[in-house]
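Sequence positions, counted from 1, serve as the residue numbers for this chain.
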Amino acid sequence: MSLLTGSANAVKYTLFGFNLIFLITGIILIAVGAGVGAVFNDYEDFLVGKFFSIPTFLIVIGSFIIVITFFGCWGALKENYCLILSFSIMLFIIFILELAAGISGYVLRNDAYNLIDTRLNQSMSSYSNTPVNGVTELWDIVQRNFDCCGINNATDWTDHLKDNQLPLSCCKIPYGTIGTFSCLANNNDPNRNHHLGCLSGFSNYIADHAVSLGAAGVVIAVIQFFGVIFACYIAREIKIRNGITGFI
């Protein structure tokens, strides 16, 4: 038999419904963290560690949410004070962690331009075709995918490559070209395909994904805040009905 009044019973089943929502939010956090993390992994050589720590953090939080929904569901159905109290405390901790992750995502968006600028400058000197390394491959991928050349413009390569030459990923190779081909960091060279640097477009792309981390953390934290309120109310009602004194 239920120990709660009609209004408390309604909140109890609302809390049970919220637990199902929490389960979904946990899955969403894991999906967002894994998805953004996969994007960042594609550009690992151009990113610093903090770009990977926040997605991992969200995956851990999402996994923890899935686990603690057991306490909320079981406690709500059984009207168990200790379980609901434990659920409330853990949910509040999760709320704080999600809020921190969300804020970190927005901070990372603001820092993306400067962090990526530093990494791009550090990596240019590693560009080589004897042998081809991971940095070389990534520079070519970025320059092709983002229709760009160099950091701010093509002349950035003049300090790192000989004879004013450019990587072929900066060049417009004519159809039917056979054998060797080159283009120069010269505005008059018709074979130069890209005139804009990669820093702006690439950093905006990474920053947009960082925003998705921040938005996921903050929005889901707000949803869970209401869950904390519901859980605390239910725990209080059960405590009163059972005549429990003290904190536990």
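Leu166 contributes atom CG, which lies 8.5 Å from atom CD of Gln143 (distance to the nearest 0.5 angstrom). Interatomic distance, Asp111 CG to Ile116 CD1, rounded to the nearest 0.5 Å: 10.5 Å. Leu47 CG to Leu115 CG: the interatomic distance, rounded to the nearest 0.5 Å, is 9.0 Å.
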Would Cys198 and Cys149 count as a disulfide (SG to SG under 2.5 Å) if you check the C-alpha gap in whole Å, the side-chain angles of each, and the deciding distance to 0.1 Å?
CA-CA 6 Å; Cys198 297; Cys149 185; over 6 Å; no
Please step through side chain to side chain contact (heavy atoms under 4.5 Å, CB included) for the pair Arg109 and Tyr106, ending with a clear verdict.
CA-CA 5 Å; Arg109 176 197 63 177; Tyr106 284 106; 4.2 Å; yes
Trp139/Ser123 under side-chain hydrogen bond (donor to acceptor under 3.5 Å, both in side chains): CA gap, chis, key distance, verdict:
CA-CA 9 Å; Trp139 261 111; Ser123 66; 3.0 Å; yes
Which donor-acceptor pairs under 3.5 Å do the side chains of residues 61-73 make with protein atoms, sequence neighbours left out?
{"from": "Ser63", "atom 1": "OG", "to": "Ile59", "atom 2": "O", "distance (Å)": "2.9"}
{"from": "Thr69", "atom 1": "OG1", "to": "Ile66", "atom 2": "O", "distance (Å)": "2.6"}

Residues 26-41 side chain polar contacts: donor-acceptor under 3.5 Å, at least two apart:
{"from": "Asn41", "atom 1": "ND2", "to": "Gly37", "atom 2": "O", "distance (Å)": "3.2"}

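Taking the side chain as every heavy atom from C-beta outward, Phe22 and Leu91 approach each other to under 4.5 Å. In this structure, Ser203 and Asp117 have side chains that are not in contact, with every pair of non-hydrogen atoms separated by 4.5 Å or more. Ile93 is listed as a side-chain neighbour of Ile89, based on a closest heavy-atom distance under 4.5 Å. Two residues are said to be in side-chain contact when any heavy atoms from C-beta on lie closer than 4.5 Å; Thr136 and Pro167 fail this criterion.
For the pair Leu138 and Asp42, the tightest heavy-atom approach, listed with the atom from each and the gap, is CD1-O, 3.4 Å. Taking both residues in full, the closest heavy atoms of Gly150 and Met124 are given as CA-CE, 4.4 Å, listed atom of the first, atom of the second, then distance. Residue Cys170 comes nearest to Trp157 through the heavy atom pair SG-NE1, 4.0 Å, listed as atom of the first residue, atom of the second, then distance. Taking every heavy atom of both residues into account, Gly105 and Ile54 meet most closely at N-CD1, 3.9 Å. Shortest non-hydrogen contact noted between Gln224 and Glu98 is OE1-OE1, 2.9 Å. Minimum heavy-atom separation, Leu199 to Asn152: CD2-OD1, 4.0 Å.
Note on Phe46: it clusters hydrophobically with Tyr127, by side-chain heavy-atom contacts below 4.5 Å among ILVMFWY residues. Ile94 and Val60 end up in different hydrophobic clusters when Ile, Leu, Val, Met, Phe, Trp and Tyr side chains are linked at under 4.5 Å. Under a hydrophobic clustering in which Ile, Leu, Val, Met, Phe, Trp and Tyr are joined whenever their side-chain heavy atoms come within less than 4.5 Å, directly or via other members, Phe226 and Ile24 fall into the same cluster. Residues Ile223 and Phe87 fall within the same hydrophobic cluster, defined by Ile, Leu, Val, Met, Phe, Trp and Tyr side chains chained together at heavy-atom separations under 4.5 Å. Both Leu97 and Leu108 sit in one connected hydrophobic cluster of ILVMFWY residues. Membership requires side-chain heavy atoms under 4.5 Å apart, directly or through other members.
Two rings, from Phe51 and Tyr43, have their centers 6.0 Å or more apart.
Side-chain atoms of Thr118 and Asn121 form no donor-acceptor pair, as typed in the model, at a separation below 3.5 Å.
In this pair, Tyr205 and Phe202 present their aromatic rings parallel. The plane angle is below 30°, not in the 30 to 60° band.
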